[in-house]
Amino acid sequence: MTQKVSIVGMGYVGLCTAVVFTKNGYKLVAVDENQERIDLVNNGISPFHEPDLEQLLQESINNDCLECTSDIDYAILNTDITFLTVGTPTNSDGSIDLKAIKKVATQIGETLAKKDGYHLVVVKSTVVPGTTENVVKPIIEKNSGKTCGPDFGLCMNPEFLSEGSAVEDAFKPYRVVIGEYDKKSGEILEDLYQEIYPESSENKVTIKRTTLPTAELIKYANNGFQATKISYINTIANVCQKIPNADVTAIADVMGLDPVISPKFLGAGIGYGGSCFPKDIRAFITFCKSLEYNPIMLKATHEVNEKQAYNVIEIAKRQLKNLKGKKFAILGLAFKPNTDDMRGARSTVIIKKLLEEGSIVTAYDPQAISNAKRDIGDKITYAPSAMECIKDCDCCILVTEWDEFQKLTAEDFMKQTKQPFLIDGRRTFKPQDFNSKIIFAAIGLGQKNNCGQ
Ligand code: UGA
């Protein structure tokens, strides 16, 4: 533990990275500009729902390993390596918004002007190729009066954690990518990671060292591929819906047996949401255009996804004809299970459309209701349980595949509503358990009675 570490930005990536360091015995300085978040972290409370995070956070606070502050000066002056994990949202034209990165780079530069000795800056936020070298480096150099290389080091180290399993992913990454400005920067970061993920550990982590733009691009290439896999299987699902007795889940199961393909990200449904895929695909497309390259494939991935959420509305319309005044039960609001995150959630797209059609919407989610209230407000009703949610509905749409929804049976629907109609937007239910008992439809299910298809 020769190096002292600080992390700027206490979102998912920052906080999950922080607990990996503290669990490994590091004393870490965490920085955030949001005082409410700082207070939560210092009290060992996770600002968002993420399995195992709060327990590790509490441990870190109790062991005096973590302090969170808004004072970036203090963090830089008292540590040797600083990770940047601030958000990189999208601008309205789809391009990446680097405001937070630029602000932090400026502050780091200003502090480095006062600091003697070498400091390593590591960009962990997702940024388009060229950002670390052409945006972060000149800002730090200008504000510090120092030179990247001899005076301070610079790396780009993309993060691959997935919400819902973020802590596990942070502790056991498949790989660590280090984009380095120069050999010295890369070596320092590699040594740090060797300490965290030692050679002898049962899950040996592959550490790949490369150039800054390659590291930046690896992140987009990875997310772009995963998103494309989802849009591909959704394309197959949409074809299945037009063919009686075709079923996308059986197709995906067999495709997944092919080691070239693998079963992951072949879950057909209402499309991808979240804080990463939608913004990263758009930013990647805009970035390609800036290079005068037309990324046809990424555009198709995005276009399929933009339309996919409306698939369940079309199914509902075929069965109910007019949606005006019809009561809809929405099961699941979060963009995926095991999180309370509503960013980019498909639920908001579906609910917005239903409200435009004049429908009445009741929704339930095990974790995301308070975040949903902030985003959607009182235009819909929030139910305290799944059973309450489906009561008297004309149609229920399963939007997020939380485990607890799998317990729902056809009998539950028959008990709660006169003419039960269930649309499975995530292929959670077994069609044979519902088909003969209630009106059942699902994405990628081409049975004859899939609501007139
Ligand atoms: C994603 C990637 O999976 C991570 O590898 C990456 O590090 C992260 O983005 C990031 O860039 O930080 P995350 O957004 O947390 O992670 O969630 P995913 O599990 O990838 O799910 C994204 C969306 O795709 C969800 O709405 C999910 O429901 C949907 N999805 C996922 C499908 O529709 N089908 C699938 O088969 C898998």
Side-chain angles (χ1 to χ4, degrees), residues 9 11-17 48-51 53 85-90 96 124-128 157-170 172-177 216 218-238 248-249 251-253 255-256 261-284 301-302 304-306 308-309 311-312 332-350 365 368 398-402 424-428 443-444:
Y12 276 90
V13 174
L15 213 42
C16 293
T17 309
F48 37 79
H49 173 79
E50 186 62 40
L53 183 59
T85 54
V86 293
T88 48
T90 24
I96 189 165
K124 218 176 199 343
S125 309
T126 301
V127 291
V128 292
N157 170 222
E159 183 52 62
F160 300 101
L161 54 81
S162 173
E163 286 180 35
S165 60
V167 169
E168 200 188 332
D169 295 343
K172 292 181 188 170
Y174 289 113
R175 69 305 204 192
V176 170
V177 175
E216 291 164 326
I218 283 172
K219 174 69 186 183
Y220 284 98
N222 215 77
N223 277 8
F225 188 78
Q226 292 181 357
T228 300
K229 241 180 134 177
I230 297 170
S231 281
Y232 181 79
I233 202 65
N234 283 337
T235 300
I236 304 297
N238 297 344
V248 73
T249 53
I251 295 170
D253 283 351
M255 284 173 69
I261 298 174
S262 112
K264 296 206 171 137
F265 288 81
L266 286 181
I270 50 174
Y272 58 77
S275 65
C276 303
F277 288 170
K279 91 169 162 71
D280 289 352
I281 305 309
R282 284 186 73 203
F284 198 13
T301 295
H302 174 68
V304 169
N305 199 61
E306 286 291 283
Q308 195 62 15
N311 188 328
V312 285
L333 289 161
F335 86 93
K336 70 175 197 179
N338 300 320
T339 174
D340 58 359
D341 198 341
M342 285 294 295
R343 288 176 293 175
R346 299 294 86 189
S347 61
T348 54
V349 178
I350 293 167
D365 187 285
L398 183 297
V399 168
T400 315
E401 66 279 32
W402 286 93
D424 186 350
R426 292 286 185 190
R427 300 310 306 264
T428 287
I443 299 254

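Worth knowing before you read on, the calculation uses all heavy atoms, side chains too, and leaves out hydrogens, waters and symmetry mates. Bear in mind that the values here come from a model prediction, so they are computed numbers and not experimental data. Indexing begins at 1, ligand by ligand and atom by atom, following the structure's order.
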Where's the contact between L266 and ligand 1, heavy-atom distance under 4.0 Å: side chain, backbone, both or neither? backbone

If you count the atoms of ligand 1 from 1 in the order shown, which ones are under 4.0 Å from a heavy atom of E159? 7 (O)

What protein heavy atom sits nearest atom 34 (N) of ligand 1, and how far away is it? G267 O, 2.9 Å

Among D169, V167, T85, whose side chain to side chain contact (heavy atoms under 4.5 Å, CB included) with C16 holds? V167

L161 heavy atoms, cut-off 4.0 Å: which ligand 1 atoms fall inside? 4 (C), 6 (C), 7 (O), 8 (C), 10 (C), 12 (O)

Could you establish whether K229 and ligand 1 come within less than 4.0 Å of each other, counting only heavy atoms on the residue side? no

Starting from atom 10 (C) of ligand 1, find the nearest protein heavy-atom neighbour and note its residue, name and distance. C276 SG, 2.9 Å

Between K219 (side chain only) and E159 (backbone N and O only), is there a donor and an acceptor less than 3.5 Å apart? yes

Do F160 and N223 have side-chain heavy atoms sitting under 4.5 Å apart? no

Decide yes or no for S275 and E163: does some side-chain heavy atom of the first lie under 4.5 Å from some side-chain heavy atom of the second? yes

Are the aromatic ring centres of F48 and Y12 under 6.0 angstrom apart? yes

Could you tell me whether the side chain of V248 reaches within less than 4.5 Å of the side chain of R427, counting heavy atoms only? yes

Atom OH of Y232 with >12 non-hydrogen neighbours under 6.0 angstrom: no

Apply side-chain hydrogen bond (donor to acceptor under 3.5 Å, both in side chains) to residues S231 and T301 and explain how you reach the verdict. CA-CA 5 Å; S231 281; T301 295; 4.9 Å; no

Atoms of ligand 1, numbered as shown, that sit under 4.0 Å from any heavy atom of Q226: 2 (C), 3 (O), 5 (O)

Number the atoms of ligand 1 from 1 as they appear, then name those within less than 4.0 Å of a heavy atom of F160, with their elements. 4 (C), 5 (O), 7 (O)

What do we get for F277 next to ligand 1 when only non-hydrogen atoms under 4.0 Å count, side chain, backbone, both or neither? side chain

Heavy-atom closest contact (L266 atom, I233 atom, distance): O-CG1, 3.5 Å

Can you figure out which of Y220, F265, F335, Y272 has its heavy atom closest to atom 37 (C) of ligand 1? F265

Which heavy atom of the protein is the closest neighbour of atom 18 (P) of ligand 1, given with residue, atom name and distance? K336 NZ, 3.5 Å

Does any N or O of ligand 1 fall below 3.5 Å from an N or O anywhere on I230, backbone included? no

Any A345 heavy atom less than 4.0 Å to ligand 1: no

Examine E163 against ligand 1 and note whether any of their N/O atoms are separated by less than 3.5 Å. yes

Do N338 and E50 have a side chain donor and acceptor closer than 3.5 Å? no

Ligand 1 versus R346, non-hydrogen atoms closer than 4.0 Å: side chain, backbone, both, neither? neither

Suppose we measure from atom 33 (O) of ligand 1 to each protein heavy atom; which comes out shortest, and what is that distance? R426 NH1, 3.2 Å

Do any N/O atoms on N223 end up under 3.5 angstrom from N/O atoms on ligand 1? yes

Test item, T126 contacting ligand 1 (heavy atom, 4.0 angstrom): no

Minimum distance, heavy atoms only, to atom 23 (C) of ligand 1: which one of A268, G332, G273, G274 is it? G273

Report yes or no: do N305 and N234 form a side-chain donor-acceptor pair below 3.5 Å? no

Can a donor-acceptor pair be found between the side chains of K336 and S162 at a distance below 3.5 Å? yes

Quick one: does K219 get a heavy atom under 4.0 Å from ligand 1? yes

